Amino acid sequence: MTVFMVPSEQKTGSQPLHIVVSEKLKEKIEAGVYGPEERLPSEFDLGVLFGVSRTTIRKAIANLTQQGLVTTQRGRGIFVTKQHKISFSMANPLTFFDLAIEQQGYESRVQSLQFQLTQPTVEVARNLQLTHKTAEVYRQEKIYYADDTPIALDVVYYPKATGAALGDQLQQGFTYSTLVRHGILLNAATVSLNSIPATYELSDYLSVPLGMPLLVFNYVAYQGNRQPAVCGKTLSRSDWTCYTAEIG
């Protein structure tokens, strides 16, 4: 067995020892040394392999778990996560999530968590071009599924008239598809992409470890002559989703 001696904590500078170990394990996973759904060596064997303590190995495994690269199954061991990447095009800002999911071989469905009339934040009022101080909007939270896996949480804001007219339909379907199907023809959008770590609430909704990176797709979609129809953000699992764009 080849032993990979990792430098001591004092020699790794500002980088903690468990991070050094987790990066080396990540390289092995990405190189295919440990394949999808394959069991890694035990904590004891990994400690011997890298010449470090089991405490360091546990921290390294926790780091890989947060990145969605491995899962720990009690009584069975540590397994490499099978990567499922559903691609969404940034070239088309009017991304229809349900169509993208189904085109890549999965069944799509929605679970509505909340749908209620509320006061908009300053940002939401600006995005929906609401000028009246007493204006209200409908706020919705819903989970998007690919087969039986929750892959994204959509937090959406609709103008009051839209939410009142299409409340039942919006609670059962994907945002863009439902609007278009009921005559709200989206023709433009402003989008941006960033990332946040999963909070306790988000980790529960999306069945991911606390702190795992989530991709945040922020959007304002328009109809007609730049009239805002909806705004919101879709927080998706980084181990299941990616955004792509073709240039040239």
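This one's a predicted model, so the numbers in the text were calculated from it and none came from an experiment.
- No chain of hydrophobic side-chain contacts below 4.5 Å, direct or via other Ile, Leu, Val, Met, Phe, Trp or Tyr residues, connects V208 to V80.
- Looking only at side-chain heavy atoms (C-beta outward), R109 and D148 come within less than 4.5 Å of each other.
- The shortest distance between side-chain heavy atoms of L25 and I61 falls below 4.5 Å.
- Across all their heavy atoms, I86 and A100 have their closest contact at CG2-O, 4.2 Å.
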Take L214 and L153 through the side chain to side chain contact (heavy atoms under 4.5 Å, CB included) test and state the conclusion after the steps. CA-CA 10 Å; L214 301 177; L153 173 71; over 6 Å; no
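- Residue-environment remark: CZ (R39) stays at or below the threshold of 12 foreign heavy atoms within 6.0 Å.
- In terms of hydrophobic clustering, with Ile, Leu, Val, Met, Phe, Trp and Tyr side chains grouped at heavy-atom distances under 4.5 Å, V216 and F88 are assigned to different clusters.
- Atom CG of N194 sits in a crowded spot, with more than 12 heavy atoms from other residues, nucleotides or ligands closer than 6.0 Å.
- L49 contributes atom CG, which lies 6.5 Å from atom NZ of K28 (distance to the nearest 0.5 angstrom).
- Residues T162 and L179 are in side-chain contact: their nearest non-hydrogen atoms beyond the backbone lie under 4.5 Å apart.
- With a 4.5 Å cut-off on side-chain heavy atoms, Q223 and L185 do not count as touching.
- Here the side chains of I184 and V230 are not in contact, with every heavy-atom distance at 4.5 Å or above.
- Remark: the T175 side chain and the D154 side chain contain an N/O donor-acceptor pair separated by less than 3.5 Å.
- In this structure, F97 has its ring center no closer than 6.0 Å to that of Y176.
- Taking both residues in full, the closest heavy atoms of K85 and Q104 are given as O-OE1, 3.7 Å, listed atom of the first, atom of the second, then distance.
- Contact detail for L94 and N187: the closest heavy-atom pair is CD1-C, 3.9 Å.
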Apply side chain to side chain contact (heavy atoms under 4.5 Å, CB included) to residues I151 and I101 and explain how you reach the verdict. CA-CA 10 Å; I151 65 166; I101 292 171; 3.8 Å; yes
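- The backbone N or O of G173 sits less than 3.5 Å from a side-chain atom of K142, completing a donor-acceptor pair.
- Under the 4.5 Å side-chain heavy-atom criterion for Ile, Leu, Val, Met, Phe, Trp and Tyr, Y106 and I143 are members of distinct hydrophobic clusters.
- Side-chain contact between F96 and V180 is present, with at least one heavy-atom pair separated by less than 4.5 Å.
- Taking every heavy atom of both residues into account, E136 and P120 meet most closely at CA-CD, 4.2 Å.
- V155 places a side-chain heavy atom less than 4.5 Å from the side chain of R139.
- When ring centroids are compared, F217 and Y243 come within the 6.0 Å threshold.
- With rounding to the nearest 0.5 Å, the separation of CD in Q171 from CD in Q114 is 10.0 Å.
- Within the model, atoms CG of N218 and CG of N127 stand 9.0 Å from one another, a figure rounded to the nearest 0.5 Å.
- Going from atom CG of L206 over to atom OH of Y145 covers 8.5 Å, rounded to the nearest 0.5 Å.
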Chi angles and distances behind the side chain to side chain contact (heavy atoms under 4.5 Å, CB included) call for Y138, L170: CA-CA 11 Å; Y138 276 90; L170 290 169; over 6 Å; no
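- The hydrophobic cluster containing L17 also contains L64, counting ILVMFWY residues as joined when their side-chain heavy atoms lie under 4.5 angstrom apart, directly or transitively.
- Here OG1 of T71 is found 7.5 Å from CZ of F79. Values are rounded to the nearest 0.5 Å.
- Ring pair F174/Y144: centre-to-centre distance below 6.0 Å.
- Of all heavy-atom pairs spanning Y157 and G232, the tightest one is CD1-CA, 4.5 Å.
- The cluster map of Ile, Leu, Val, Met, Phe, Trp and Tyr, joined by side-chain heavy atoms under 4.5 Å apart, puts V137 and L117 in different clusters.
- Distance check: L235 CG to I196 CD1 gives 5.0 Å after rounding to the nearest 0.5 Å.
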Tell me, with the steps shown, if S203 and M212 meet side chain to side chain contact (heavy atoms under 4.5 Å, CB included). CA-CA 8 Å; S203 66; M212 178 177 172; over 6 Å; no
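- Q111 places a side-chain heavy atom less than 4.5 Å from the side chain of L113.
- I57 and V21 make their closest contact through CD1-CG1, 4.0 Å (heavy atoms, listed as atom of the first residue, atom of the second, distance).
- Heavy atoms from other residues, nucleotides or ligands lying under 6.0 Å from CD of Q119 number more than 12.
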